[in-house]
Amino acid sequence: MAAQQSGVIAGFRQFIARGNAIEMAVGIVIGAAFTSVVNAIVEKVINPLIAGVVGKPNFDNVLEFHLGTATVQPGAVITALVNFLLVAAAIYFVVIVPMNKLNDMAAARKKTEAEAEASPVDPNIELLTQIRDLLAERTPRA
C-alpha cells in the first residue's frame with residue numbers, strides 16, 4: 001500500500017513538473033484577470049451605447065408576465081444572449097484580430113528573412129571569390 005501511494009505521489013509530482021500543467025494554470029490565471037478587462041469593455045462602453053439607442057442596457061422586462069405570484073422574464077435569456085455576443089465580439093475585435101495581424105506580420109517577416117537567406121549568390125561574385133581563394137593559395141606568404 002505504501003509503495004502504491006509513493007507511486008501515486010511520484011506520478012503527481014511528474015504531472016505537476018510537466019510544462020502543460022503549469023502553462024494551463026498560468027492560462028487560467030491570465031484568463032481570470034482578462035475577464036475584468038472584457039467585462040469593463042462590455043459594461044462601461046458597449047452597454048451604455050446600447051442604453052443610448054434602446055433606452056436601457058438589458059432586455060429583462062421584455063415579454064415579462066406574471067403567473068400567480070411569480071414573475072417570468074424570458075427577456076433575461078435575451079439579455080444573456082446579447083451579453084454573450086457582446087463579450088465574444090469584444091474578445092474577437094480587441095484580442096483575436098490584433099493577434100492575427102501580429103502573427104501575420106511576424107510570419108511575413110520570417111518569410112522575408114528566409115528568402116533573403118536562401119537567395120542565390122550572384123554567379124559572378126561566387127566565381128570571383130573562388131579566383132581570389134586560388135590566388136591566395138598560390139601566393140607565397142612572407
Trainee: Indicate if Y92 and L81 have the same hydrophobic cluster label, given that clusters are the connected sets of ILVMFWY residues with side-chain heavy-atom separations under 4.5 angstrom.
Mentor: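 Each belongs to a different hydrophobic cluster.
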
Trainee: Below 3.5 Å, can you tabulate the donor-acceptor pairs from side chains in residues 32-44 to any protein atom, sequence neighbours excluded?
Mentor:
from, atom 1, to, atom 2, distance (Å)
T35, OG1, G31, O, 2.8
S36, OG, A33, O, 2.8
N39, ND2, T35, O, 3.3

Trainee: What distance do I96 atom CD1 and M99 atom CE have between them, rounded to the nearest 0.5 Å?
Mentor: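 The CE atom of M99 is 8.0 Å from CD1 of I96, to the nearest 0.5 Å.
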
Trainee: Let me check something: do V45 and F84 share a hydrophobic cluster, defined by ILVMFWY side-chain heavy atoms less than 4.5 Å apart, either directly or through other members?
Mentor: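 Different clusters: V45 never reaches F84 through Ile, Leu, Val, Met, Phe, Trp or Tyr contacts under 4.5 Å.
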
Trainee: So, do T129 and R132 sit near enough that their side-chain heavy atoms are less than 4.5 Å apart?
Mentor: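 With C-beta onward as the side chain, the pair touches.
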
Trainee: For the atom pair CD (Q130) and CD1 (I125), what is the distance rounded to the nearest 0.5 Å?
Mentor: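 Going from CD on Q130 over to CD1 on I125, the span is 12.5 Å.
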
Trainee: When hydrophobic residues are tied together by side-chain contacts of less than 4.5 Å, even through go-betweens, does L102 share a cluster with I91?
Mentor: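 Yes: a chain of side-chain contacts under 4.5 Å links L102 to I91.
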
Trainee: Do V94 and L86 sit in the same hydrophobic cluster, where Ile, Leu, Val, Met, Phe, Trp and Tyr count as joined when their side-chain heavy atoms come under 4.5 Å apart?
Mentor: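 Yes.
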
Trainee: Identify each donor-acceptor pair in which a side-chain atom of residues 67-78 lies under 3.5 Å from a protein atom, sequence neighbours left out, and give them as a table.
Mentor:
from, atom 1, to, atom 2, distance (Å)
T71, OG1, H66, ND1, 3.1
Q73, NE2, N61, OD1, 3.2
Q73, NE2, E64, OE2, 2.8

